[in-house]
Amino acid sequence: MARYVTAETSASLLSGRSRLFFILDYDGVLVEIAPTPDMAVPDSRLLSLLARLGQREDTTVAVVSGRAPEDLARLLPVPGISIIGCHGAAEVCGKEITWLVDLPVPGLSDIAALARWLTAGRRGFLVEEKGAAVALHYRLAEPAEAAYVLRELAAHAAQVIGACGLEVMAGRRVLEVRHPRASKGAAVTELVARFPGWPVCFGDDYTDEEAFQAVSGQGTGVLVARADRSTMAGYRLSSPREVRRFLELVTERKEST
Ligand SMILES: [Mg+2]
């Protein structure tokens, strides 16, 4: 369980650190989870806040998200920050995307085709092909229908998943099948080795637990969630609004010193 804190408390807890390295998930951390992924867009204040933090000598910013790297390049046109997409499988630099795993990933197009076939004619589902992962979003689907589709997908995809060594991850109303090396934990470990500063890692989802584990003992994990749950993170902030407040407080404090 994580200790619940406010933006003010968490900012003061970190005030003694001379350099901070913020590692931020996108959906549910920088922006509220939206009914569909394309509705979760950042406002200009958030973009300028990230840019200010990215420009500072004593803070480093990385966004590590499960989103397709093309989405992140479009959503976060922020110079001076690192952007890692598709759960660590791709790095975004401006409009350029570097894949860190070989594409196409064997088996994923079969999974996408199966998910499309199972959800054809059903409302509230979205199948997203993200290069090294396929996501089945069901936020807007009827719960009973979502349960049926997930059960059928698990039954029909098991052989391909096993034969191709793919990984299955359940997120917040999304099921993802991904390349086994598409891992937020590995991405965060690599970032922490590359950049200086005390790592402060923010995530809201079960996929972020591997990122919390990567900074465990050598950084601070912050779960962003309204309710407590079992987590590797040491602290909990209630919402993306609190994350933003925290980042603003850190910026103001550092600018006044
Ligand atoms: Mg998230």
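Worth saying up front: this structure is predicted, and the values here are computed from it rather than measured. Whatever order the structure lists them in is the order used to number ligands and atoms, beginning at 1.
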- [ ] Could you point out which residue of V174, V149, V177 forms a side-chain contact (heavy atoms from CB on, under 4.5 Å) with L136?
- [x] V149
TODO: Examine F202 together with F246 and report whether their ring centres are nearer than 6.0 Å.
DONE: yes
TODO: Measure from the ring center of F125 to the ring center of Y138 and say whether it is less than 6.0 Å.
DONE: no
Open item on the list: Whether the S239 and E32 side chains hold a donor-acceptor pair (N or O, under 3.5 Å, no angle test) is what I'd like checked.
Closed with: no
Task: Between E167 and H179, a side-chain donor and acceptor under 3.5 Å - done: no
Task: Tally, protein N/O/S atoms nearer to the Mg ion (ligand 1) than 2.8 Å - done: 3
Open item on the list: Regarding T6 and T9, do their side chains bring together a donor and an acceptor under 3.5 Å, going by distance alone?
Closed with: yes
